[in-house]
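Input: one structure, supplied below.
Numbering of residues begins at 1 and proceeds along the displayed sequence.
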Amino acid sequence: MPRSVKIEVPMESARPLPEHVLGANCNILRPPFPLDSDEFRSLYEDAGRPFFRYPGGTVSNYLNHKTGFMDADKAGGRGGRYERNNENVKQLTGGKGFTAEWFIAVAQSLELQFVLVLNMCTMSLEENEEFLQELKSAGIEIPFIELGNELSFDEYEGFFESGEKYLKEARKLTKICRDVFPQVKISAVVPNNLYSRKNYLNRVQSGANERQTEWVRVLAADSNFFDAVSIHCYSGVGIDQCENEKDLPTMEDALCFGFSHTDVQFHRIVTFLEKTFPNKEIWVTEYGHKELKDGQLNSKFGLDSSFVSGLHNVAIMLHLLSFPSITIAHWHSMSKMTLERNGNVEVASTHDVFSFVRTTLKEYDSYVRPRLEGGGKYEGKGEYEGEHPCLETGFFFNSADKANCCLIVVNKSGQNFKVTELVATTSGGEVSLEVEE
């Protein structure tokens, strides 16, 4: 017998639905299809033309926009892989590479709206300025720029030995960005460990003398030149690595672990960032499930292209919508929205989930976080054990026609629920709404 749930929608707390929180990241080294192909256009349009992130994540730190190829000789342990990737880039672009000219053609063809992630590792300040000038000359406006990708990670210590070094270079690059695009919003990167590791925030707050904890303190003490901070939120699956297939968690356990990771960490970390960087926007420019370290096992597991992972990502989406400070967010990623089977590329379940949510919510311009009665609790997994709310919800409507509305409910438990009462509360009282499943 399903448990009855009453959902109350406090209309007085309604606020505009941010237009850039329903975005998607894309790793151009592993695109589902070449970005200038009809297949990618179809995938992109079917997904509701999401707010984009170019050129993606780690690739952003090594892609040379002048040559169009990865600077493999400067990529340390990734060098061999990027040499192989460069061969793939030649095939994807007919030998031209991902040059500024190539991207300009793609952006104009798809009419992309996007965040641009700049390469602060292997491109000089002068080269970045030249790249930005080339975009401007072609009529491409850049309203949002991220200063690198995950640069607090140990991998980049050779480029930025400290937060101070990053701060110094970020300030210089910000000046260049604003000289070329005066209205651009700039985001500095903060460590993802704040979200991915349960106790990392305690280390930051206790003043631990480490490169990444110091990174946060340095940026917080000198934050007047940037508009936002970027963080990535990847939920665990209960295991980082394993020896063989039999050690993989079940999909059910992986999903529960991811849900409980989010329920413990997300509000805690965003609240910390709001307090540490007051009046700054927060950009969650990648979110999803954490991949297993063994690539072959990760492919066999198949979580990140599954409906299960899509459900987890919708729950994160509802979490982030509850914070007005979060103005940009990217589901990770377009690269996960297809699967290769028997030599054929197929649309994955994650694309279906993302597309359904994205295209549905495009109809609305306002959001309310509901209140629940009878929602129940589920038991978290592993280090995130404890009781957490079973249901994650969001209410959406069109301000010009409030009868045109939508309720999204994600059930994070194995329990059955039924929404038996849905009411909108205003200063004038309650209004019952009909529930159509």
Side-chain angles (χ1 to χ4, degrees), residues 53 56-63 71 74-78 115-125 127-129 144-178 184-234 265 268-287 325-328:
R53 183 172 182 250
T58 305
V59 58
S60 305
N61 297 329
Y62 298 109
L63 176 64
D71 285 326
K74 302 176 183 177
R78 293 180 183 265
V115 167
L116 179 66
V117 191
L118 290 180
N119 178 352
M120 293 182 64
C121 293
T122 67
M123 288 179 63
S124 67
L125 293 170
E127 288 171 330
N128 272 301
E129 182 175 15
F144 308 103
I145 286 177
E146 277 186 274
L147 301 178
N149 177 79
E150 299 179 343
L151 295 178
S152 64
F153 278 1
D154 292 344
E155 173 183 346
Y156 304 106
E157 190 169 2
F159 299 105
F160 302 100
E161 68 271 13
S162 66
E164 290 281 2
K165 177 65 181 298
Y166 173 76
L167 184 75
K168 181 179 178 181
E169 294 304 308
R171 185 180 287 278
K172 292 177 183 176
L173 186 52
T174 294
K175 183 180 184 307
I176 289 171
C177 293
R178 295 200 197 283
V184 69
K185 287 191 174 182
I186 303 289
S187 183
V189 299
V190 296
N192 301 339
N193 282 342
L194 288 167
Y195 178 84
S196 61
R197 292 169 56 183
K198 184 182 178 183
N199 296 318
Y200 202 78
L201 178 56
N202 296 338
R203 299 190 64 78
V204 174
Q205 292 175 322
S206 67
N209 187 23
E210 301 168 354
R211 178 172 169 273
Q212 292 197 44
T213 56
E214 175 252 3
W215 191 287
V216 178
R217 294 192 293 271
V218 165
L219 286 181
D222 194 2
S223 62
N224 64 329
F225 70 92
F226 55 87
D227 306 284
V229 290
S230 292
I231 190 168
H232 297 165
C233 296
Y234 285 109
Q265 289 291 86
R268 179 173 175 243
I269 297 313
V270 175
T271 301
F272 165 76
L273 291 176
E274 288 180 333
K275 182 178 179 180
T276 306
F277 298 95
N279 303 316
K280 301 295 183 185
E281 297 179 15
I282 298 173
W283 299 359
V284 183
T285 51
E286 294 181 25
Y287 67 90
S325 58
I326 299 177
T327 56
I328 287 176

Closest non-hydrogen contact found for I282 with E274 is CD1-CG, 3.9 Å
Donor-acceptor contact below 3.5 Å, side chain S187 vs main chain S230: yes
Any sub-3.5 Å donor-acceptor pair from R211's side-chain atoms to G163's backbone N or O?
no
>> Are there over 12 heavy-atom neighbours, none belonging to N202, within less than 6.0 Å of that residue's CG?
In response: yes
* Asked: Do K280 side-chain atoms and S223 backbone N/O form a donor-acceptor pair below 3.5 Å?
  -> yes
When L167, L125, N128 are each screened for side chain to side chain contact (heavy atoms under 4.5 Å, CB included) with K172, the one that passes is L125
**Prompt:** Does the salt bridge (charged side-chain N to carboxylate O under 4.0 Å, His left out) test come out yes or no for E214 and R217, once each step is laid out?
**Reply:** CA-CA 5 Å; E214 175 252 3; R217 294 192 293 271; over 6 Å; no
| request: Kindly check if the number of other-residue, nucleotide or ligand heavy atoms within 6.0 Å of CZ (R171) is above 12? | output: yes
Assign the ring pair Y234 / H232 to parallel, tilted or perpendicular, where the plane angle (0 to 90°) is split at 30° and 60°. perpendicular
_Exam field: side chain N119 to backbone T122, donor-acceptor pair closer than 3.5 Å_ = yes
Applied to residues 193-222, the ring-ring contact (aromatic ring centres under 6.0 Å, His included) test, sequence neighbours excluded, yields Y166-W215, Y195-H261
Here the pair of heavy atoms bringing Y156 nearest to N149 is CE1-O, 3.9 Å
Do any N or O atoms from the side chain of E150 and from the backbone of V189 form a donor-acceptor pair under 3.5 angstrom? no
